[in-house]
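A short worksheet on the structure shown next.
For the numbers below, each heavy atom of this structure counts, side chains included, while hydrogens, waters and symmetry mates do not. This structure is a prediction, so every number in the text was calculated from the model and none was measured.
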Amino acid sequence: SLIITPRRKVNEQLSASFMATYGRPIDFSVKSFDDLTLAGWYFDNPVEGDCGVVIAHGWGSNRFGMLKFFPLVWERGCDIAMYDQRGMGESEGEYAE
C-alpha cells in the first residue's frame with residue numbers, strides 16, 4: 001500500500017535560526033485543476049538575483065524535507081517557492097486519486 005499511497009509526513013516548524021538567516025516565509029495556497037488546495041511557502045530574497053526557483057519534494061516527503069537545498073539557491077539571490085504536492089504535507093487530496 002505504501003507504493004500507491006505513502007504515509008503523509010507532517011510539516012515541522014521552521015527553526016528560529018533558519019528564519020533569522022532567511023526570513024519568515026509567506027504562506028500561500030493554490031487550487032489545483034481538480035479543486036484541491038495545495039499549500040506552500042514563498043521566500044522573497046532581499047538580494048535582487050533576477051531569478052525565482054520552485055523547489056519540489058520527492059515521493060513520500062514534504063516541502064520541509066527540501067530545506068537542505070535552500071542555501072544553494074538563496075545564495076544566488078533567487079526568490080524561492082516550495083509547496084506540498086497533493087496528498088502530502090499540508091496539501092489536500094490523496095496521492096493516487
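- Considering all non-hydrogen atoms of both residues, Gly89 and Asn62 come closest at CA-CB, 4.0 Å.
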Sequence neighbours left out, cut at 3.5 Å: what donor-acceptor pairs do the side chains of residues 15-25 make with other protein atoms?
unit_1, atom_1, unit_2, atom_2, d
Ser15, OG, Ser17, OG, 3.2
Ser15, OG, Phe18, N, 3.1
Thr21, OG1, Ser17, O, 3.0

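- Counting heavy atoms from C-beta on, the side chains of Trp41 and Phe64 come closer than 4.5 Å.
- Between Arg63 and Glu90, some side-chain heavy-atom pair lies under the 4.5 Å cut-off.
- Summarising the local packing, NZ of Lys31 is surrounded by more than 12 heavy atoms from other residues, nucleotides or ligands at distances under 6.0 Å.
- For the pair His57/Met88, a side-chain contact is recorded, criterion being any heavy-atom separation below 4.5 Å from C-beta on.
- Of the possible polar contacts, one joining the Ser91 side chain to the Asp84 backbone as a donor-acceptor pair under 3.5 Å is found.
- Partner Leu72 forms a side chain to side chain contact (heavy atoms under 4.5 Å, CB included) with one of Arg76, Lys68, Glu75 and no other, that one being Arg76.
- Expressed to the nearest 0.5 Å, how far CG of Asp44 lies from SG of Cys78 amounts to 12.0 Å.
- Phe70 is connected to Leu14 through a chain of hydrophobic side-chain contacts under 4.5 Å among Ile, Leu, Val, Met, Phe, Trp and Tyr, so both are in one cluster.
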Inset, instruction - Check step by step if side chain to side chain contact (heavy atoms under 4.5 Å, CB included) holds for Asn45 and Ile80. - result: CA-CA 8 Å; Asn45 197 323; Ile80 300 173; over 6 Å; no
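- Residue Leu38 belongs to a hydrophobic cluster whose other members are Ile26, Phe28, Val30, Tyr42, Val54, Tyr83, with links defined by side-chain heavy atoms closer than 4.5 Å.
- Side chain of Ser32 to main chain of Leu36: a donor-acceptor pair is present (N/O by atom type, distance under 3.5 Å, no hydrogens or angles).
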Inset, instruction - Would you please test Asp35 and Glu92 for side chain to side chain contact (heavy atoms under 4.5 Å, CB included) and show each step? - result: CA-CA 9 Å; Asp35 207 36; Glu92 293 180 340; over 6 Å; no
